[in-house]
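Comments concern the structure below.
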Amino acid sequence: MPSVFIKTFGCQANKSDSERILGDYLARGFVETNSWREADEIVLNTCSVRQSAEDRVRGFLLNLDKYLKETGKSKPKVILTGCMLHFNEKELKELLPEIDEILPIAEVGFNQKVVRKDKLNAWVPISTGCNSFCTYCIVPFSRGREKSRPEADILQEVESLVKEGFQNINLLGQNVNSYGLEKSGITLRKLYMDKENFQESSIPSNESQYFRPTTTPPFVQLLQKISAIKGVEKITFFTSNPWDFWDELIEEIAHNPKIDRFIHLPVQSGSNRILKLMNRGYTRESYLSLVERIKVKVPEVVFGTDIIVGFPGETDADFADTLDLVQKVGFKVAFVARYSPRPGTASYKLYPDDVPARVKKERWDILDQIANKDNLSVRPLIP
Ligand code: SAM
Ligand code: SF4
């Protein structure tokens, strides 16, 4: 039987996609191998969030080349999928000539049997893509517009997971809060990025760009339906963005003991000036007020976050605001990344990457130290 090796780069969403890709391969008569040296086909499920993630894909292919030259073995078929598909086919073939095929993740779909690697936690995607266009982020380009999975499909998957013995259900989406809303157009933010010649003045003011649903948000309804399934013990969700963390969602968490008390709430920066340049759609005040409202209703809550240091133009004063916010919230875990300009994004086009690497590293170190001193756990994304 032919064998396949799947190499996954990046986040949990990619790991979940790889479980589906493997399911698809097994259904086509392949076996999985844990050694790329033995594989007939190699799938590279790529990440583009930072340049270093793309460099690692190049590194993998260089190793493969070297190995084939040394051993004289014939080349396995190499298939590329994931976030590097923000490059077009021609660009990819130039950048990574070893690639034989490009696989858009949408072609894999949700219909085959998923091969789950984690035996306790099941990862269930509820949406793909993103409508948010944070200025630094490649995801809206690599993954396209936000698209929610039909509720019935998700519930059916959860029911069969429970039958298989899973108790912990982890819902995945770039912004789970906006689940189900793109159909009605309620949360569609101004797609200023789609304009041909966008300018800084096109970036909407903080908090001016979001709409509230008038009925119970579909994500809250989904949580209610999943927790009603017998056998589901715990529901966790990633990622929940601060701008549409509805009051109804806070109430649901407060009254639903099956919902995890860990909430990942990426803040990215504690400076209003930088938040605006990032097009994050909230201020430090509104973020802190949201945290307070959640703490009041869910006293046992613990927060996690993502922070970018060294965004273009970030001054010492901006960074001090971030440190101050980190101390005020008391995050349990923080994924800290140094800003990496991504070609094609708004920040790449509009702002020079002017914070020196040394300063980015210093700020990264300081965040780490402050957090440790306060007995928080701040985890580096890039050491
Ligand atoms: N949708 C989630 C959100 O809004 O926070 C996560 C998106 S992204 C896949 C994961 C994290 O990568 C972001 O939260 C951000 O901290 C980091 N990131 C994204 N683009 C980056 C860039 N250009 N440079 C450095 N870090 C970046
Ligand atoms: Fe990227 Fe912002 Fe979308 Fe998260 S919400 S995926 S950071 S554009």
Side-chain angles (χ1 to χ4, degrees), residues 9-17 46-55 82-84 86 125-147 171-179 182 187-194 203-204 209-210 237-245 263-270 274-275 277-282 287 303-312 314 322 326 331 333-351 353 355 357 360-361 363-364 367 378-382:
F9 300 84
C11 66
Q12 193 55 53
N14 269 14
K15 288 180 193 146
S16 167
D17 285 345
T46 58
C47 170
S48 288
V49 166
R50 283 167 294 276
Q51 183 59 47
S52 54
E54 291 189 351
D55 293 344
C83 283
M84 279 185 84
H86 70 89
I126 64 167
S127 61
T128 55
C130 188
N131 284 344
S132 294
F133 291 100
C134 303
T135 57
Y136 52 80
C137 188
I138 195 80
V139 170
F141 302 92
S142 58
R143 297 291 174 143
R145 293 293 64 70
E146 190 169 321
K147 199 158 177 279
L171 304 177
L172 287 176
Q174 291 302 343
N175 179 18
V176 291
N177 302 346
S178 57
Y179 170 78
E182 80 277 9
T187 57
L188 260 191
R189 296 169 63 173
K190 288 177 188 154
L191 296 183
Y192 68 95
M193 290 281 307
D194 288 347
I203 298 178
Q209 50 196 329
Y210 310 106
F237 43 84
F238 306 91
T239 298
S240 222
N241 283 337
W243 54 78
D244 49 11
F245 205 104
I263 295 176
H264 193 69
L265 198 63
V267 67
Q268 312 297 358
S269 171
I274 298 295
L275 286 171
L277 296 182
M278 288 177 163
N279 190 35
R280 283 294 286 183
Y282 51 86
Y287 183 93
F303 289 103
T305 201
D306 293 355
I307 299 171
I308 296 176
V309 292
F311 187 83
E314 188 189 63
T322 299
V326 164
F331 294 108
V333 59
F335 295 93
V336 185
R338 286 177 271 185
Y339 173 71
S340 169
R342 308 308 297 129
T345 61
S347 68
Y348 178 90
K349 292 180 189 171
L350 293 172
Y351 315 121
D353 179 21
V355 177
K360 285 182 187 168
K361 170 83 169 70
R363 289 183 184 159
W364 185 92
L367 246 187
V378 169
R379 189 127 75 84
L381 270 186
I382 308 170

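As the structure lists them, so they are numbered: ligands from 1, and atoms in each ligand from 1.
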>> Within the structure provided, determine whether Pro242 and Arg280 are in side-chain contact (heavy-atom separation under 4.5 Å).
In response: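 They are in contact (side-chain heavy atoms under 4.5 Å apart), so the answer is yes.
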At a non-hydrogen distance cut-off of under 4.0 Å, which region of [X] contacts ligand 2 (side chain, backbone, both, or neither)?
{"X": "Pro266", "answer": "neither"}
{"X": "Asn241", "answer": "side chain"}
{"X": "Phe133", "answer": "backbone"}
{"X": "Trp243", "answer": "side chain"}

>> Tell me which one of Phe237, Phe335, Phe303 satisfies ring-ring contact (aromatic ring centres under 6.0 Å, His included) with His264.
In response: Phe335
> Is Tyr339 in polar range of ligand 1, meaning some N or O pair under 3.5 Å apart?
Replying inline: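 Tyr339 vs ligand 1: no N/O contact under 3.5 Å.
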>> Within the 4.0 Å heavy-atom shell around Arg280, which atoms of ligand 2 are there?
In response: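 Taking each heavy atom of Arg280 in turn, ligand 2 has 2 (Fe), 7 (S) under 4.0 Å.
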> Counting from 1, what ligand 2 atoms have a heavy atom of Cys134 closer than 4.0 Å?
Replying inline: 2 (Fe), 5 (S), 7 (S), 8 (S)
> Any idea which of Asp353, Thr345, Val49 brings a heavy atom closest to atom 19 (C) of ligand 1?
Replying inline: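 Among Asp353, Thr345, Val49, the closest heavy atom to atom 19 (C) of ligand 1 belongs to Val49.
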> Heavy-atom distance to atom 2 (C) of ligand 1: which of Lys360, Arg338, Gln174, Arg342 wins?
Replying inline: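 Minimum heavy-atom distance to atom 2 (C) of ligand 1 goes to Gln174.
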>> Assess, by modelled atom type and distance only, whether the side chains of Ser347 and Tyr339 contain a donor and an acceptor separated by less than 3.5 Å.
In response: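 Side-chain D/A pair, Ser347 to Tyr339: present.
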> Can you tell me if Arg280 has a non-hydrogen atom under 4.0 Å from ligand 1?
Replying inline: yes
